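First comes the structure, then the notes that go with it.
Excluded from the calculations below are hydrogen atoms, water molecules and symmetry mates; all remaining heavy atoms, backbone and side chain alike, are included. Here is how names work: the chains are called A, B, and so on, in the same order as the sequence lines, proteins then strands, and each is numbered from 1. Quick caveat: nothing in here was measured; it's all calculated off a predicted structure.
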Amino acid sequence: MTASTKNRPSSDTRSNYTGPAMVSTGEATAMLHTGETPPIRVFGTESIRETFDDLCLQQAVNSRLAPGVTDLVLNPDAHCGYGAPVGCVMVSPTHVYPGPVGVDIKCSMSLLQLDLPAEAVEDRNVRRALISAICQRTPTGAGKGQRSVGKARHVNRTLGKQLVTEGASNDVCRALGIPTAWAHRCEDSHHVGHDDTESALENRLETLLQHRHMSNFSEKMQQLGSYGGGNHFGECEVVQVGDNDRAREVAQAFGLRDGHVAFLSHCGSRGFGHNLASGQFRTLQDKFDRWGIPLPAGDRQLVYAPLGSDEANDYLDDMALGANFATVNHLLINALVLEAFQEVIPGTQGNLVYFISHNIARKEIVDDRPAWVHRKGATRAMPAGHHSLTNTPFAKTGHPILLPGNPRDGSAVMVADEGAAASCYSVNHGAGRVLGRRHAKRVLDQATVDSEFDSNDVLSNCRKYPIDEAPAAYKDFNEVLRSVKSAGLASEVARLKARFVIKDASKADD
DNA sequence: ATGTCC
């Protein structure tokens, strides 16, 4: 296979599909018809649905028709991905799919509420000092993981093995200086192996460590507490709670403070998760080749494993190992960010509002039976009273949904409504890309992008903001949120207004 | 997403 076709479906992918047949069923809902199988539910206003290009819709159809798939949902932020679109939910009671989890296992959002009033970060010099203190502790960029200041938090091999098998356990949190209470603010603080045991993960890890592609395990553990690159970021926000009684009530239950500073983070499982995901793709693709198993729609990114097989067990174990890394990575980042705030503004206190993934498969009850719900660029959205929230702090309200928008228009905290049942209890994971990276670099102007940050008084660690990450490379966030609200999936609790952004600046000067 | 192909 040549480099140019490697990441895209082969041309015969489209042979049995004559084009999208999208039928509008409401202001922000539609059905995408696949022929024989039930239609795909699509969420998005008409202008949002126009952003779905043919390949994105084709990927949705391919995924819906793949073996063992019983449901597929397309969200307003959907765009082309690997095999399945980014911005979709795929349900299967019988199969697991690495592609519709994604290559960054448990890529997630977290929000730290600080006890600082907005005025505390008004001074540009204070914000510059915060940017510097944070960047010294939570590095950005490929391969970066070494911290230059602060409390020593070296992750040795033993601690690395412990954290990828235990997740955010009390022992792991204590070893890394993470408040143990934060584990209760996680969608999942701990992922177990395919048989629901931790020992399965310990065994799988020992097997992996004998493989060459995992020989850099200790090195990858050093990346704990770092952002990485691409669309990952850290962002200082001012919380603006919605102007209605429900928003105020829910915000209070979430621990959000109107008019106060918060810190939003987006990152995943770094090089470790990438090693695991790419290893799984290679292994499964080799087996499909060797055994002559037909690929769904001829797409190598849609390889799968039937539940109960050794292949599925290994995949689920690898996903859990990567997910545990991502969980502890986010919690450590939040601890480091709090430490940075305390250095610049002594006495600052902070609490984790929530940590929630948008790239993970979870075993959930769908239509009264267990199924693997693959959310690829999609966020779990369970409303008040949902059985899975029993004994969590959010049983009576629904859990926080953290949606990054862009540094110009803000981000959002939402809460699910009853209507979320129609989307397999899911919403979007952000704005969604509207320009590909190469396209963005060609059509967007660096000076315009940078001056927009300046006129909005949003500071950044980047001298030049990465142009393929500019707000204009993403969909209209307000229209995306309007889609979610109008479809009855979730309600807005608060907006987050950016004051400064931490991004990987290393490729911005190309 | 990922030292952007072991």
Could you tell me how far apart A/Lys144 (NZ) and B/dT2 (C1') are, to the nearest whole angstrom? 14 Å

Run the salt-bridge test on A/Arg437 and A/Asp468 with the 4.0 Å N-O cut-off and return the result as yes or no. yes

Quickly work out the A/Tyr82 OH to B/dC5 P distance and round it to whole Å. 8 Å

Categorize A/Lys220 for me: base, sugar-phosphate, or nothing, with a 4.0 angstrom heavy-atom threshold over every strand shown. base

So A/His232, base contact, sugar-phosphate only, or nothing? Heavy-atom distance under 4.0 Å. sugar-phosphate

Once you round it to whole Å, what is the distance between P of B/dG3 and CD of A/Gln223? 5 Å

Grab the two heavy atoms, one from A/Val484 and one from A/Pro76, that are nearest each other, plus how far apart they are. CG2-CG, 4.1 Å

Rounded to whole angstrom units, what separation is found between the CD atom of A/Gln222 and the C1' atom of B/dG3? 16 Å

In whole Å, I'd like the distance from the CG atom of A/Asp286 to the P atom of B/dC6. 14 Å

If you count every heavy atom of other residues, nucleotides or ligands that lies below 6.0 Å from A/His213 atom NE2, does the total exceed 12? yes

Check the distance between B/dC5's P and A/His213's NE2 and give it to me in whole angstrom. 16 Å

Quick one: label A/Gly229 by what it contacts on the DNA or RNA (base, sugar-phosphate, nothing), any heavy atom closer than 4.0 Å. sugar-phosphate

Give one of base, sugar-phosphate or nothing for A/Arg212, where a contact means two heavy atoms less than 4.0 Å apart. base

Atom-to-atom span, CZ of A/Phe281 to P of B/dT2 - whole angstrom: 15 Å

Counting only heavy atoms not in A/Arg290 (residues, nucleotides, ligands), do more than 12 fall under 6.0 Å from its CZ? yes

Determine the contact category for A/Gly268: base if any of its heavy atoms lies under 4.0 Å from a base atom, sugar-phosphate if only primed atoms, P, OP1 or OP2 are that close, otherwise nothing. nothing

Tell me the interatomic distance from A/Asn359, atom CG, to B/dT2, atom P, rounded to whole angstroms. 11 Å

Using the closest heavy atom to pick a nucleotide of DNA chain B for each, name whichever of A/Arg282 or A/Asn216 lands nearer the 5' end. A/Asn216

Contact class for A/Gly228 (heavy atom, under 4.0 Å): base, sugar-phosphate, or nothing? sugar-phosphate

Residue from A/Val458, A/Val501, A/Leu496, A/Ile502 passing side-chain contact (heavy atoms from CB on, under 4.5 Å) with A/Glu235: A/Val501

